[in-house]
Amino acid sequence: MAIAVGDPLPSVQLTRLTADGREPVDTGAYFKGRRVALFAVPGAYTPTCSAKHLPGFVEKAEALKAKGIDEIACTAVNDPFVLEAWAKANDAQDVTMLADGNADFATALGLDMDGTRFGMGRRSQRYAMVVNDGTVESLHVEAPGEFRVSSADHLLETL
């Protein structure tokens, strides 16, 4: 069963890359005490993710923060090195990249998908949510093959 509005986020370890190397990120601690816009993509460098999803959040970062968002984070079933390279290639310094390399977070949320027929293995579904002090405030999951409700523009309209 997928996570829903009002549910607490599961505590799962993600990874981010810092100047000192890989750093574990416990979701319980990371989302505590603040309001975070979290979006997930099936994979860094994939067409829709690179052309629309990430650039939209980069472009709308200030507008989201003006609506009470403390941080913008992206998760994908990629390693932290790939996500860091993708962030640099897209000038995404206002987006924290959280690697879910084994799809543990996506699975714990019930928002994983089987991309094996495309040679991609287990991946995350495309979604955007607002997490307020560790609890899902809003959740927007895309239908397969679509990009609409998880966009930065749509999330801004709902705030």
Side-chain angles (χ1 to χ4, degrees), residues 3 5 9 12-27 29-101 103-106 109 111-113 115 118 120 123-159:
I3 197 158
V5 171
L9 283 185
V12 175
Q13 185 172 298
L14 299 170
T15 308
R16 71 176 157 197
L17 201 59
T18 69
D20 296 325
R22 290 179 295 178
E23 175 182 284
V25 176
D26 175 74
T27 56
Y30 180 81
F31 290 98
K32 185 177 175 86
R34 57 197 181 140
R35 195 167 179 226
V36 179
L38 173 67
F39 68 101
V41 297
Y45 292 105
T46 57
T48 301
C49 305
S50 291
K52 297 178 184 177
H53 212 167
L54 177 59
F57 278 91
V58 170
E59 179 184 316
K60 302 294 182 184
E62 289 305 314
L64 286 162
K65 290 178 181 180
K67 293 271 192 166
I69 296 298
D70 298 312
E71 185 156 359
I72 301 165
C74 174
T75 185
V77 181
N78 290 109
D79 65 65
F81 304 103
V82 168
L83 287 181
E84 183 66 15
W86 190 47
K88 285 180 181 175
N90 286 278
D91 196 25
Q93 68 267 7
D94 289 328
V95 178
T96 301
M97 294 292 175
L98 300 173
D100 185 20
D104 295 335
F105 187 59
L109 293 174
L111 294 175
D112 58 324
M113 66 171 208
F118 307 109
M120 295 175 69
R123 294 288 172 149
S124 176
Q125 292 181 50
R126 184 183 307 282
Y127 65 83
M129 67 170 72
V130 174
V131 181
N132 194 347
D133 193 24
T135 299
V136 178
E137 178 181 314
S138 66
L139 175 62
H140 312 278
V141 181
E142 294 289 358
E146 290 193 8
F147 175 69
R148 190 177 55 80
V149 299
S150 67
S151 71
D153 284 330
H154 182 78
L155 195 62
L156 262 172
E157 290 171 11
T158 66
L159 293 175

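Any value given below was found using the heavy atoms of this structure, including those in side chains, with hydrogens, waters and symmetry copies removed.
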**Message:** Could you tell me if Tyr30 and Glu71 have a donor-acceptor pair between their side chains, going purely by distance under 3.5 Å?
**Reply:** yes
Can you tell me how far the [atom1] atom of [X] sits from the [atom2] atom of [Y], to the nearest 0.5 Å?
| X | Y | atom1 | atom2 | result |
| --- | --- | --- | --- | --- |
| Arg123 | Met113 | CZ | CE | 7.5 Å |
| Thr15 | Leu83 | OG1 | CG | 10.0 Å |
| Leu64 | Leu156 | CG | CG | 4.0 Å |
| Thr75 | Met97 | OG1 | CE | 10.0 Å |
| Asp79 | Leu17 | CG | CG | 9.0 Å |

**Message:** Checking Leu155 against Ser138 for the side chain to side chain contact (heavy atoms under 4.5 Å, CB included) test, could you report, in this order, the C-alpha distance in whole Å, the side-chain angles of both residues, the deciding distance, and whether it holds?
**Reply:** CA-CA 9 Å; Leu155 195 62; Ser138 66; 4.2 Å; yes
**Asked** Ignoring hydrogens and geometry, is there a side-chain-to-backbone donor-acceptor pair from Asp100 to Ala106 under 3.5 Å?
**Response** yes
**Item:** Any donor-acceptor N/O pair, Asn132 side chain to Thr135 backbone, under 3.5 Å
**Value:** no
**ring-ring contact (aromatic ring centres under 6.0 Å, His included) evaluation trace for Phe39 with Phe57** = CA-CA 9 Å; Phe39 68 101; Phe57 278 91; 4.0 Å; yes
**Prompt:** Relative to Phe31, does Arg35 satisfy both conditions: NZ or CZ under 6.0 angstrom from the six-membered ring centre, and within 45 degrees of the ring's axis?
**Reply:** no
**Complete:** Here the side chain to side chain donor-acceptor pair (under 3.5 Å) pairs for residues 80-91, sequence neighbours left out, are Ser50-Trp86
[Y] and [X], any side-chain heavy atoms less than 4.5 Å apart:
| X | Y | answer |
| --- | --- | --- |
| Arg16 | Thr96 | yes |
| Val95 | Leu54 | yes |
| Glu137 | Val5 | no |

**Asked** Going through the checks in order, is the side chain to side chain contact (heavy atoms under 4.5 Å, CB included) test met by Leu9 and Val136?
**Response** CA-CA 7 Å; Leu9 283 185; Val136 178; 4.0 Å; yes
Which atoms form the tightest heavy-atom contact between [X] and [Y], and what is the distance?
| X | Y | result |
| --- | --- | --- |
| Ala40 | Ser124 | CB-OG, 3.4 Å |
| Gly43 | Asn78 | CA-OD1, 3.5 Å |
| Ser150 | Ala128 | O-CB, 3.5 Å |
| Ala37 | Ile69 | N-CG2, 3.7 Å |
| Leu111 | Ile3 | CD1-CG2, 4.2 Å |
| Val58 | Ala92 | CG2-CB, 3.6 Å |

**Prompt:** How far apart are the C-alpha atoms of Phe105 and Gln13, what are their side-chain angles, what is the distance that settles it, and do they pass the side chain to side chain contact (heavy atoms under 4.5 Å, CB included) test?
**Reply:** CA-CA 8 Å; Phe105 187 59; Gln13 185 172 298; over 6 Å; no
**Request:** Run the numbers on Phe147 and Val41 for side chain to side chain contact (heavy atoms under 4.5 Å, CB included), then give the verdict.
**Result:** CA-CA 10 Å; Phe147 175 69; Val41 297; over 6 Å; no
**Request:** Return the set of residues passing side-chain contact (heavy atoms from CB on, under 4.5 Å) with Val149 (not counting sequence neighbours), or none when no residue passes.
**Result:** His140, Glu142, His154
**Message:** By the salt bridge (charged side-chain N to carboxylate O under 4.0 Å, His left out) test, which pairs, at least two apart or in different chains, include something from residues 42-67?
**Reply:** Lys60-Asp153
**Prompt:** So does Arg148 have more than 12 non-hydrogen atoms from other groups sitting under 6.0 Å from CZ?
**Reply:** no
